[in-house]
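Only one structure is covered here, and it is reproduced in the block below.
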Amino acid sequence: MRSRTTFIGTGVGRGSAVGPAVVVGGRPSPPADETVPADLDEVMGLLEGTLAVLADSFRTRAESMDGEIAEIFEATAMMAEDPTLRVRSRELIESGLGPATAIDRVTQQMADALSAAGGYLAERVTDLMSIRDRVIARLLNLPEPGIPILSAPSVILACDLAPADTALIDLNLVLGIATEQGGPTGHVAIIAGQYGIPCVIGAPGVTGIPSGSSTVVDAARGIVISDPSPEDVAAVTRRREAELRRAEDSGAGETADGHKVEVLANIGAERDVDRALATVHDGIGLFRTEFLYLDRRTAPGVDEQADRYRKVLRAYAGRKVVVRTLDAGADKPLAFASLATESNPALGVRGYRTSRVHPELLSDQLTALARAAEDCDTECWVMAPMVSTPQEAAEFAATARAHGLAKVGVMIEVPSAALQASRILEHVDFLSLGTNDLAQYTMAADRLSSELADLINPWQPAVLHLVATTVRAGLAAAKPVGVCGESASDPVMALVLSGLGVTSLSMSPAAAGAVRFALQHHSLAECRQIASVALEAASATEAYSSAVAEIDPEVRAELDIVS
Ligand code: PEP
Ligand code: MG
């Protein structure tokens, strides 16, 4: 009999969930010594049957989705039915290869041809590879790779998930996610946070939990429990009920004494808007536009972009939407924007720097955005990611304004920009602190690394001081400074940031309830006090625990804040 086991990682957000585990397999390879089948008809029957089952399951998935994701699944189903796959595989099996090796070769040849054709066809390579992986896994009796096709609500356990994988998450059925790898502000964490899925990353051993066993994902404590006790399950249920109660309040963010701090939503695609509208009224503080194009090989055209931006802007008519220009590179590579060879992509041509080599990408995006904004009654703000100098800020502001966009800002994500915030503010209307990257670059610690989670931590004194410097510059210039990194979604940090003087906090919609609740229970003076003890601390752990010690005990209990 197996017993309750705890796995330690880093939590994303504060949610918790319990459900049966589904373990995601890695990419399978055909064995070097795969045996050649004796009965060709039998093996072809097996291969064709596998392809047909896959095509059906992709089609069923397409039917349960809508929009672009449904189209991707339908296109993948058609690929699985492509007779070329079967005919060429048969030829190779006849020539003496095993079925997994044959499908591997055929799909590779087809992928090479699609890549060479470029454009829309090249974009289908990922789908073809997903068919390859699934067929090989089924032929070899291995766990299904990639996000599996779920038939019941489940907790997903994986080594890591690719950005394109996470885009395929079925929100109705994924209760929680835990990965062995990945950093606290990497793409899995961000997408899980975005969808409000309780998530723990960097938890070694979780893929050893057998599929089907009951599993708790507890993001607030950063743990995963297999075979939880009845008390563990009752605690999850209690916390989920409290979360749902808080989510019902979608009012404005303000402190107990009425000081306004806008609580805004982070989104990555049009499909996130409905969820955002349900819990966040004030507006969108970060629209990560690169998430729209992660699986694209060619740049989207101006018309297509304008249509997509218009949908988001219209949904928040009369309010504010902060659109970030493409943030390509490093952890979010875009095939059409990233440089093929960089020895250190995180320090390379990424974010705003992409416009050095692809100025047309920026200009097309700004044209599309201005066109969309013109048709909507929404306050459209635009900002550039990864700006390092006042000169870059000035250049971006001039370009955006020349395209007809009135409210222009930049993100503060590198220490040089934080230290130069006053000068940067001479050129732009607002700043938005990207604390995920600011922590990464201040601490010289890769945000995707699970080993360095203690360093990639917004509570690190160096990061807090750079945040404080930036906010002071905003106060002096009387211009808004918001925070849109993951730190804004932590209710304790939200109090610190409000005490420092930020004007807005932007987060995954699921986090808004707890942040608003924390704000409503503290006055501005209390937030200032919490901020000042955090700033005086000598370490990240001390900063956090001294801030927690200042928090109203009732709020600590309600939000399950542990120091
Ligand atoms: C950040 O770096 O904090 C941020 C909000 O941008 P992203 O996470 O998309 O890099
Ligand atoms: Mg960033």
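Numbering of residues begins at 1 and proceeds along the displayed sequence. Below, each value reflects all heavy atoms present in this structure, side chains not excepted, and no hydrogens, waters or symmetry copies. Just so you know, ligand 1 is whichever comes first in the structure, and atom 1 is the first atom listed for that ligand.
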(message) Can you confirm whether Leu347 is buried at CG, in the sense that more than 12 heavy atoms of other residues, nucleotides or ligands lie under 6.0 Å from that atom?
(response) yes
(message) Side chain or backbone, does Glu486 bring an N or O within less than 3.5 Å of an N or O on ligand 1?
(response) no
(request) For ligand 1, find out whether one of its N or O atoms is nearer than 3.5 Å to an N or O atom of Glu290. (result) no
What atoms in ligand 1 come closer than 4.0 Å to a heavy atom of [X]?
X: Cys484; result: 5 (C)
X: Asp327; result: 10 (O)
X: Leu286; result: 5 (C)

(request) Apply side chain to side chain contact (heavy atoms under 4.5 Å, CB included) to Glu486 and Thr435, showing your working. (result) CA-CA 7 Å; Glu486 297 307 299; Thr435 46; 5.8 Å; no
Closest protein heavy atom (residue, atom, distance) for [atom]:
atom: atom 7 (P) of ligand 1; value: Lys332 NZ, 3.4 Å
atom: atom 2 (O) of ligand 1; value: Glu413 OE2, 2.7 Å
atom: atom 8 (O) of ligand 1; value: Arg447 NH2, 2.7 Å

(message) Against Thr367, only a single residue in Val302, Leu405, Leu362 fulfils side-chain contact (heavy atoms from CB on, under 4.5 Å); can you say which?
(response) Val302
(request) Just let me know how Gln440 lines up against ligand 1, side chain, backbone, both or neither, with a heavy-atom cut-off below 4.0 Å. (result) neither
(message) Checking contacts here: is it the side chain or the backbone of Thr435 that comes within 4.0 Å of ligand 1, counting heavy atoms only? Could be both or neither.
(response) backbone
(request) Give the minimum heavy-atom separation between Ala417 and Ile424, together with the two atoms involved. (result) O-CD1, 3.7 Å
(message) For the backbone of Val263 and the side chain of Asp282, can you confirm whether one donor and one acceptor N or O come within less than 3.5 Å of each other?
(response) yes
(request) State whether the side chain of Arg14 and the backbone N or O of Ala219 hold a donor-acceptor pair below 3.5 Å, judged by distance alone. (result) no
(message) Quick check on Met411 - does any of its heavy atoms sit under 4.0 Å from an atom of ligand 1?
(response) yes
(message) Against ligand 1, does Arg324 come closer than 4.0 Å with any heavy atom?
(response) yes
(request) Classify the angle between the aromatic ring planes of Phe430 and Trp381 as parallel (below 30°), tilted (30 to 60°) or perpendicular (above 60°). (result) tilted
(request) Would you check if there is a donor-acceptor pair between the side chains of Gln365 and Thr289 at a distance under 3.5 Å? (result) yes
(request) Report yes or no: does Asp437 have an N/O/S atom closer than 2.8 Å to the Mg ion (ligand 2)? (result) yes
(request) Applying side chain to side chain donor-acceptor pair (under 3.5 Å), name anything that partners Thr378, two or more places apart in sequence or on another chain. (result) none
(message) For N/O/S atoms only: which one belongs to Glu413 and is nearest the Mg ion (ligand 2)?
(response) OE2
